[in-house]
Amino acid sequence: MPTPYTGRLAPSPTGLLHLGHARTFFIAHQRARVANGILYLRDEDLDPQRSRPEFSAALREDLHWLGLTWDAELRQSDRLPLYRNALHQLLAAGLAYPCACSRRDLAQSTRAPHEDEDDEPLYNNRCRPVGPAANLVDARHPRGTNYRFRTPDDLHPILFTDLHAGPQSFTPAVDFGDFLIWRKPLTSDPNDIGLPSYQLACVVDDALTGITEVVRGRDLLKSTARQILLQRALGYLTPAYFHCDLLRDPNGVRLAKRHDALSLRTLRAQGLTPADILAMF
Ligand code: GLU
């Protein structure tokens with residue numbers, strides 16, 4: 001029996017859904033339903049400064065209003081032990097290391113950051129251990145420090161064929177470097193173990209929920225290369241990928257949560273119906 005199609009909607013509850021998200025989620029929903037598959041709603045609520053329960057509630061209501069349904073739900077903040085296990089696995093394999101660089105150190109990094117404002121700057125490898133033995137940190141105590149994934153030094157590209165965007169090639173050492181997989185605790189509470197980065201949490205969840213196809217925005221193509229490296233390091237399968245085009249405002253700027261005028265809430269308050277919205281896609 002082939003594996004049934006399993007997809008996910010993975011909103012971050014950090015603001016109101018706008019047309020751009022709605023379009024991506026609509027495509028994800030359609031692909032899952034056409035394939036007679038299963039669809040998860042996954043709350044990516046790990047940003048303590050920006051995630052809010054009222055946005056989680058609002059996005060569910062907005063998606064339902066638009067006619068989207070899902071079969072199961074999960075919330076990343078309920079799953080911290082799973083992400084921590086993955087961190088331990090990477091530490092034990094010598095594929096992760098603690099990084100003491102502050103934000104200011106990173107801003108002063110001699111290597112230029114990428115032009116994409118949402119992207120993590122290329123790390124200057126300041127805390128990267130020189131030899132494998134230096135990786136033997138105590139994996140039981142991931143408190144008090146950030147951790148990075150050690151990307152390969154060779155120049156072999158990560159290749160994948162996106163179902164919408166076509167063939168892709170990213171070279172880790174050139175395109176993104178050693179990226180954050182764990183952020184240190186922000187409080188002195190001994191129960192606060194810090195948080196996984198988006199890259200790690202996404203890979204663990206996609207694998208443990210058996211996602212067969214990831215549908216998301218095209219801005220995450222480079223993250224897919226990072227995530228494929230993590231999948232290989234953790235022994236997970238790589239799902240298929242479908243990266244949708246991004247909607248832009250009339251000035252050509254990518255829609256973001258700050259575009260309140262194009263939130264589903266605002267459009268709905270102006271009298272638009274779900275059919276009107278779907279007709280814009
Ligand atoms: N939570 C991310 C977002 O709202 C999507 C991540 C993903 O689909 O992998 O942009």
Side-chain angles (χ1 to χ4, degrees), residues 5-32 39-53 55-60 62-63 66 68 70 72-79 83 86 116-120 160 162-165 168 170 176 179-181 183 195-231 236-248 254-259 262-264:
Y5 182 107
T6 307
R8 79 312 192 270
L9 311 173
S12 302
T14 55
L16 291 172
L17 284 190
H18 61 61
L19 270 183
H21 301 118
R23 180 168 178 274
T24 301
F25 294 144
F26 174 73
I27 295 170
H29 182 264
Q30 223 185 8
R31 291 183 67 80
L39 192 61
Y40 282 91
L41 178 76
R42 183 167 88 209
D43 250 303
E44 300 211 321
D45 62 342
L46 292 181
D47 182 335
Q49 263 109 38
R50 293 163 65 224
S51 298
R52 292 214 234 124
F55 289 134
S56 292
L59 69 89
R60 281 171 172 69
D62 287 349
L63 292 174
L66 206 55
L68 272 54
W70 48 91
E73 290 191 5
L74 49 110
R75 193 184 301 277
Q76 289 190 322
S77 55
D78 293 336
R79 298 165 63 80
Y83 310 132
D116 182 343
E117 55 170 304
D118 289 344
D119 203 20
E120 189 178 322
F160 62 97
D162 187 75
L163 294 171
H164 181 66
Q168 305 293 319
F170 294 96
F176 47 84
F179 55 90
L180 276 176
I181 50 174
R183 289 175 210 284
L195 289 168
S197 71
Y198 156 68
Q199 310 294 351
L200 184 65
C202 178
V203 161
V204 169
D205 285 338
D206 286 344
L208 299 191
T209 53
I211 299 301
T212 59
E213 184 179 282
V214 170
V215 179
R216 60 187 174 197
R218 210 185 162 108
D219 53 324
L220 291 170
L221 273 171
K222 198 194 288 177
S223 283
T224 296
R226 295 183 178 103
Q227 293 176 16
I228 289 173
L229 278 174
L230 286 177
Q231 287 154 1
Y236 297 154
L237 295 175
T238 291
Y241 288 96
F242 185 107
H243 287 80
C244 307
D245 297 329
L246 300 173
L247 284 187
R248 295 183 184 273
R254 202 179 106 197
L255 291 195
K257 289 192 172 117
R258 56 188 176 272
H259 283 78
L262 294 173
S263 75
L264 287 192

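The chain is numbered in sequence order, starting from 1. Order of listing sets the numbers, starting from 1, for every ligand and every atom in it. Please read all numbers here as calculations on a predicted model, not as lab measurements.
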Engineer: Are any of the N/O atoms on R42, whether in the backbone or the side chain, positioned under 3.5 angstrom from an N/O atom of ligand 1?
Structural biologist: no

Engineer: For the pair F160 and H243, name the ring-plane relationship: parallel under 30°, tilted 30 to 60°, perpendicular over 60°.
Structural biologist: tilted

Engineer: Does the N or O separation between V214 and ligand 1 drop below 3.5 Å for any pair?
Structural biologist: no

Engineer: With heavy-atom distances below 4.0 Å as the criterion, list the atoms of ligand 1 near Y198.
Structural biologist: 6 (C), 7 (C), 9 (O)

Engineer: With under 30° as parallel and over 60° as perpendicular, where do the rings of F176 and F179 fit, or are they tilted in between?
Structural biologist: perpendicular

Engineer: Is any NZ, NE, NH1 or NH2 atom of the basic residue among R42 and E44 found under 4.0 Å from an Asp or Glu carboxylate oxygen of the other?
Structural biologist: yes

Engineer: Does H21 come within less than 4.0 Å of ligand 1, judged by its heavy atoms?
Structural biologist: no

Engineer: Nearest heavy atom to atom 6 (C) of ligand 1: which of R216, Q227, Q199, E44 does it belong to?
Structural biologist: E44

Engineer: Has the side chain of R79 got a donor or acceptor atom that lies under 3.5 Å from a matching backbone atom of R75?
Structural biologist: no

Engineer: Under 4.0 Å from any heavy atom of C202, which atoms of ligand 1 are there?
Structural biologist: 9 (O)

Engineer: Restricting to side chain to side chain contact (heavy atoms under 4.5 Å, CB included), what partner residues turn up for T238, sequence neighbours left out?
Structural biologist: I228, Q231, Y241

